[in-house]
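Heads up, the thing below is written out as structure tokens.
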Amino acid sequence: MRRPSPPPSPRRWAVLTAAASLVLALAPAPPASADPATSADPAATGSGPAADLDVLFVGAHPDDEAFSLSTLGQWNEDHHVRTGVVTVTRGEGGGNAVGPEEGPALGLIREAEERTAVGGAGVRDVFNLDDVDFYYTVSAPLTAQIWGDDTLEKVVRIVRQTRPEVLLTMDPAPSPGNHGNHQQAARLAVQAFYAAADPKAYPEQITREGLRPFAPAKVLLGGGRGTSRTGPDCAATFRPANPAQNVYGVWSGRPSASHGGRTWAAIERDSQRAYASQGWAVFPDVPSDPAQLGCDFFTQADARVPFPEPGTAAAAAPTAILDGALVRASGAVPLGTLLDLRPGTFDVRPGAAFTVKVTATAPPREPLGRSTVALRVPDGWKADGTGDLGRLTPGRTGTATFTVTPPKGAAPGDRARLAATLTTERGAGHTDRQVEVSPAVRGVQQLLPQVGQYEKWAAEVGVPQLRGLVTPVLTLPSGGSRQVGVVVTNVSDAAQSGTVRLDLPAGFTADRAEAPYSGLAAGASATVTFTVTNTDASLKTSNDGGDYAYTITTTGSDGSSVTKPALELVPATAIPRAASAPAVDGAEGDGEYTGKALDISRLWEGTACSSAADCSGTAKVTWHDDTLYLLVQVKDDVLGTRLAASDCKRHWRTDAVEVTIDPRGTSENTSTTFKAAVLPVTAEGPPCALRDADNHQGPATGVRIASKVSSGAYAVELAIPMEQLPGAVDPAHLGLNILVYDSDTQDKTGQTRIGWSTWGGVQGDPYRWGVATLPGYQPPAGRPTTPPDPVIPATGLSSLDSPQSLEQAVRLGLPLAGGPAAKASESGRVSAATPGATGGQGSVRVTLRAGGAGEAHLFVRDAQGTAGSRVVKVGGKGVTTVSVPLTRALGADPAVVAGWLAPGGGTAASRVAVR
């Protein structure tokens with residue numbers, strides 16, 4: 001890319017794949033033959049230079065990058081770093097605090113907000129992939145299912161098109177409350193880091209589209225697990241939870257010269273307020289004292305190039321992430337140098353030797369000269385081998401092999417850092433890798449489905465350094481029992497026998513303290529099962545202190561492994577049978593609800609209630625025949641926005657009560673559950689009910705509701721026929737939660753969320769809902785226990801219908817949405833546009849030149865935005881003239897921007913001024 005050249009200007013590195021020899025051997029595939037009808041106009045897709053980025057952020061929704069803008073802005077201002085953003089969806093499943101738009105119309109709004117927001121950090125390029133944003137979920141597997149199999153291909157294509165040295169993304173792990181869309185976006189970014197460099201991955205992008213393999217230098221995850229201070233030393237004082245992990249910070253309190261000395265945190269906050277549809281316009285100012293401002297943290301997942309050594313001043317500098325990839329620090333090896341440390345295994349055994357290979361490659365056009373590497377290992381470990389790499393001429397690779405032996409007393413489960421220092425005639429470099437000390441056998445509490453799926457993903461992608469980010473937890477009903485499986489794995493090369501012991505905290509017992517396993521083959525796993533009971537029902541549940549850590553000790557031939565998972569107590573209740581059906585009137589009649597009142601006043605997200613009068617509540621539940629009845633009474637001194645009955649959706653924008661039901665208490669995500677929300681009052685007066693983020697969203701068909709609103713309080717009553725639930729109820733184990741959303745504003749923004757079983761993100765985590773029993777209830781014979789296939793919104797905005805995306809495609813010379821370009825024989829473009837009149841209305845006459853049949857999406861644009869649009873089907877090759885009607889008079893700088901969809905699925909974009 002061409003950049004302004006005020007000093008200091010970073011020098012681009014020229015390596016395109018992980019092995020320089022492979023790069024030099026790969027000639028670019030010839031592009032498809034050009035057609036004069038589609039390539040003569042310089043403002044048509046494919047005719048301009050490819051976008052050349054330095055950094056690419058991969059997120060799931062508009063606003064996912066919003067808390068990294070301080071960093072991106074600093075890099076842009078100080079080092080002319082050009083950043084692009086991949087946004088998998090346009091966030092059509094989110095709320096709208098500025099109007100009634102939803103679906104594609106909301107997608108247009110959110111895309112415009114994102115382009116405005118990132119512009120404050122100097123970011124111009126936003127790549128929407130057109131995947132659908134369906135609803136809030138914490139499930140990456142469900143996200144992957146809905147997005148489909150082609151999303152990774154699209155991310156890889158954009159990486160190969162834009163060639164960023166650094167990939168930034170989100171947290172790929174199913175950490176509690178972490179959005180499943182965020183997890184999946186991060187996994188796509190990590191996979192693309194490897195796949196984009198691999199010529200065997202999506203080879204048609206190379207052979208048919210003229211792209212080349214490209215290997216980014218680094219990939220980093222947003223955030224860091226650990227602690228730090230605020231102020232200018234926030235990066236230097238960060239202490240990672242895993243000491244072998246590399247976490248870098250960029251202080252948000254630095255002043256910006258181009259913004260009048262304001263802190264980058266304040267500039268970032270201005271950008272965040274552009275997300276008005278998400279209620280962010282009311283975000284408060286950041287602290288004016290820079291000492292109270294912290295860092296943006298990023299955790300390095302992998303790197304192909306040298307990077308600053310942890311603990312050094314360079315590692316705490318704002319350029320630490322750029323060093324080795326885009327910026328050459330003083331004394332460092334030239335940009336384009338590759339450095340890799342590769343242990344023969346991730347799981348290393350105490351006292352058992354393993355090999356470590358360190359490979360260095362000189363830049364294609366610059367020598368490193370005589371080069372050596374030195375391997376550093378933890379205290380007490382032994383390393384043997386020579387680090388002589390010889391003389392590294394341009395493009396030449398040198399490899400050194402070491403034998404490393406951990407001590408017999410190395411602590412099992414610990415992560416250790418193996419580090420290599422490269423010394424050359426042209427400078428020095430650092431790299432390191434994690435390994436984990438593992439005895440012959442290890443035992444781990446059975447994983448939740450989404451955690452197990454994540455661990456499998458990490459193994460398949462080859463990123464063992466990312467495993468184990470989530471502490472294993474299992475939920476247990478207060479006063480109840482459950483089976484707890486311990487998965488025992490033999491990582492040695494011989495059969496193993498031993499024992500598994502549980503050491504539980506006070507208030508918990510198991511049917512046996514210790515259990516044996518025997519004859520476990522090398523590489524095999526077996527599950528040892530215990531029945532665990534909460535014997536003290538007075539223990540705290542939920543986020544009031546319901547996490548109870550305990551210890552699993554597993555013995556093998558060479559010692560023991562110790563892991564520390566947790567049991568999470570959730571509240572439990574027995575739902576009594578009503579003698580007669582309660583009247584659904586918003587009030588408790590005599591004898592209608594005989595069970596105990598459930599406390600639904602615990603905070604799970606947002607600002608704490610200032611008092612019980614501000615927000616608190618109780619709920620009662622009963623059943624009669626085949627119907628559940630709930631009466632929820634809420635204290636609320638200020639009612640939120642009264643939404644119109646026609647806008648009875650996205651209940652978190654105002655006051656609402658949500659009832660969530662998992663019929664059999666076994667759902668991995670909410671697509672197999674029932675979730676109904678009630679707004680106690682609407683603009684027209686009566687309450688309304690809806691279903692959201694469950695097996696079938698939309699109107700709460702079949703649910704009867706009533707409400708009573710009084711001064712400082714309201715009550716909501718529901719009758720839920722159990723035939724409306726997705727599957728027959730298990731009367732011994734019903735997942736149940738009751739949540740209250742509190743808003744004290746009139747701008748469609750919520751402040752507080754309270755409920756019964758409360759954890760961050762609990763609305764999307766069925767395993768953390770409370771447990772209810774229904775003594776005496778039996779579902780009707782023949783009612784299926786398997787839930788039906790979920791009905792999930794699947795309408796997202798197409799980039800063909802986004803003039804903002806079309807204009808970017810023209811500017812960058814790229815196709816749309818991460819997809820392929822239309823073949824020359826199937827492509828089309830707009831070549832002329834003139835004002836006209838049709839039927840007394842203003843219009844623009846547009847000339848289209850097509851290489852074949854296709855569909856043109858035409859937008860008449862001026863300085864104010866879109867003044868007219870039309871979709872036209874073109875039957876075949878040739879010239880077509882059409883009129884685009886105008887909705888208003890044209891302003892300054894009118895032009896027509898066109899998107900083209902070819903029969904084969906490829907796209908093109910073009911633009912021409914209205915003359």
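Residue indices begin at 1 and follow the sequence shown.
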If you round to the nearest 0.5 Å, how far is CD of Q453 from CD of Q450? 9.0 Å
Please determine whether side-chain contact (heavy atoms from CB on, under 4.5 Å) holds for the pair L539 and S478, giving the CA-CA distance in whole Å, both sets of side-chain angles, and the decisive distance to 0.1 Å. CA-CA 8 Å; L539 291 179; S478 177; over 6 Å; no
Assign the ring pair F297 / F238 to parallel, tilted or perpendicular, where the plane angle (0 to 90°) is split at 30° and 60°. tilted
If we only count heavy atoms from C-beta on, is the N695 to F674 side-chain gap below 4.5 Å? no
From S438, S525, S561, residue fulfilling side chain to side chain donor-acceptor pair (under 3.5 Å) relative to T489: S525
Main chain of A693, side chain of T670: is a donor-acceptor contact present, judged purely on distance under 3.5 Å? yes
Examine distances only and state if a side-chain atom of K218 and a backbone atom of I321 form a donor-acceptor pair shorter than 3.5 Å. yes
With a 4.0 Å cut-off, would you call D171 and R225 a salt bridge? yes
When you compare the side chains of N246 and R417, does any donor N or O come within less than 3.5 Å of an acceptor on the partner? yes
Between the side chains of N242 and Q434, does any donor sit under 3.5 Å from an acceptor? yes
Before we go on, tell me: are the rings of Y550 and F508 under 6.0 Å apart, centre to centre? no
Check the side chains of N669 and T137 for a donor-acceptor pair under 3.5 angstrom, ignoring hydrogens and angles. no
Answer whether the closest heavy-atom distance between the side chains of E658 and W652 falls below 4.5 Å. no
Quick one, Q205 and E153 - any side-chain contact, counting heavy atoms below 4.5 Å? yes
Are any of the side-chain heavy atoms of V86 and F127 separated by less than 4.5 Å? yes
Spatial distance of atom CZ (R467) from atom CD (E436) [nearest 0.5 Å]: 4.5 Å
Would you say Q278's side chain and G95's backbone share a donor-acceptor pair under 3.5 angstrom? yes
Output the distance between atom CD (Q496) and atom OG1 (T555), rounded to the nearest 0.5 Å. 9.0 Å
Counting only N and O atoms by type, is there a donor-acceptor contact under 3.5 Å from the side chain of S497 to the main-chain atoms of G519? yes
Please confirm whether the backbone N or O of V138 pairs with a side-chain atom of D765, one donor and one acceptor, at under 3.5 Å? no
Without hydrogens or angle criteria, can the side chains of D347 and T345 be said to hold a donor-acceptor pair below 3.5 Å? no
Does one side chain, of E668 or S139, offer a donor that lies under 3.5 Å from an acceptor on the other? yes
Over 12 foreign heavy atoms within 6.0 Å of CG, D789: no
Starting from the C-alpha separation in whole Å, work towards a yes-or-no answer on side-chain hydrogen bond (donor to acceptor under 3.5 Å, both in side chains) for T533 and S481. CA-CA 4 Å; T533 301; S481 301; 2.6 Å; yes
Show the nearest heavy-atom pair for residues P164 and L167, with the distance to one decimal. CG-CD2, 3.8 Å
If only side-chain N and O atoms count, and only distance matters, is there a donor-acceptor pair under 3.5 Å linking Y194 with D302? yes
Sub-4.5 Å side-chain heavy-atom contact between L447 and Y454: no
Please determine, by modelled atom types, if S799 and D130 share a side-chain donor-acceptor pair under 3.5 angstrom. yes
If only atom types and distance count, is the side chain of R512 paired as donor or acceptor with the main-chain N or O of F530 below 3.5 Å? no
Evaluate the side-chain contact (heavy atoms from CB on, under 4.5 Å) criterion for residues L142 and I792: first the C-alpha distance (whole Å), next the side-chain angles of each, then the deciding distance (0.1 Å), finally the verdict. CA-CA 11 Å; L142 179 64; I792 295 178; 4.2 Å; yes
Note: V437 and P350 closest approach over all heavy atoms is CG1-CG, 3.8 Å
D296-S68 side chain donor-acceptor pair, cut-off 3.5 Å: no
Side chain proximity check, T660 to W756, heavy atoms < 4.5 angstrom: no
Separation of L736 CG from T673 OG1 (nearest 0.5 Å): 11.5 Å
Over 12 foreign heavy atoms within 6.0 Å of NE2, H696: no
Main-chain N/O of W769 paired with W759 side-chain donor or acceptor, under 3.5 Å: no
Would you please name every residue forming a salt bridge (charged side-chain N to carboxylate O under 4.0 Å, His left out) with D150, sequence neighbours left out? none
N-O pairing of K154 and D131 below 4.0 Å: yes
Given side-chain contact (heavy atoms from CB on, under 4.5 Å), test V500 with I552 step by step and report yes or no. CA-CA 7 Å; V500 178; I552 297 175; 4.0 Å; yes
Which heavy-atom pair separates T475 from Y767 by the least distance, and what is that distance? OG1-O, 2.9 Å
Find out whether P141 and Q183 are in side-chain contact, i.e. whether some heavy atom of one side chain is under 4.5 Å from a heavy atom of the other. no
Contacts table for residues 55-64: side-chain donor-acceptor under 3.5 angstrom, sequence neighbours left out:
residue: H61; atom: ND1; partner: D64; partner atom: OD2; Å: 3.3
residue: H61; atom: ND1; partner: H182; partner atom: NE2; Å: 3.3
residue: H61; atom: NE2; partner: D133; partner atom: OD1; Å: 3.3
residue: H61; atom: NE2; partner: N181; partner atom: OD1; Å: 2.9
residue: D63; atom: OD2; partner: R110; partner atom: NH2; Å: 2.8
residue: D64; atom: OD1; partner: H182; partner atom: NE2; Å: 3.0
residue: D64; atom: OD2; partner: A60; partner atom: N; Å: 2.8
residue: D64; atom: OD2; partner: H61; partner atom: N; Å: 2.7

Tell me if a side-chain donor or acceptor on N490 pairs with a main-chain N or O of A521 at a distance below 3.5 Å. yes
Taken to the nearest 0.5 Å, the spacing of Y135 OH from D692 CG works out to 9.0 Å
Taking K540 first and then D547, would you say they form a salt bridge - that is, a charged N and a carboxylate O separated by under 4.0 Å? no
Does the side chain of Q697 reach to within under 4.5 Å of the side chain of P793, using non-hydrogen atoms? yes
Point-to-point distance, once rounded to the nearest 0.5 Å, from OH of Y202 to CZ of R160: 9.0 Å
Nearest heavy-atom neighbours spanning P439 and P412: CD-CB, 3.5 Å
For the residue pair P787 and P726, what are the closest heavy atoms and their distance? CB-O, 3.3 Å
Quick one: do K200 and D198 satisfy salt bridge (charged side-chain N to carboxylate O under 4.0 Å, His left out)? Show the steps, please. CA-CA 5 Å; K200 296 180 181 178; D198 182 1; over 6 Å; no
To check you understand the geometry: which heavy-atom pair defines the closest contact between L221 and L466, and what is its length? CD1-CD2, 3.9 Å
Say whether, by atom type as modelled, one donor and one acceptor occur between the side chain of T87 and the main chain of T89 under 3.5 angstrom. no
Would you say Q465's side chain and A301's backbone share a donor-acceptor pair under 3.5 angstrom? yes
Under the criterion side-chain contact (heavy atoms from CB on, under 4.5 Å), I'd like the reasoning laid out for R442 against T563: C-alpha separation, chi angles, the key distance, then a yes or no. CA-CA 8 Å; R442 59 171 177 251; T563 57; 5.9 Å; no
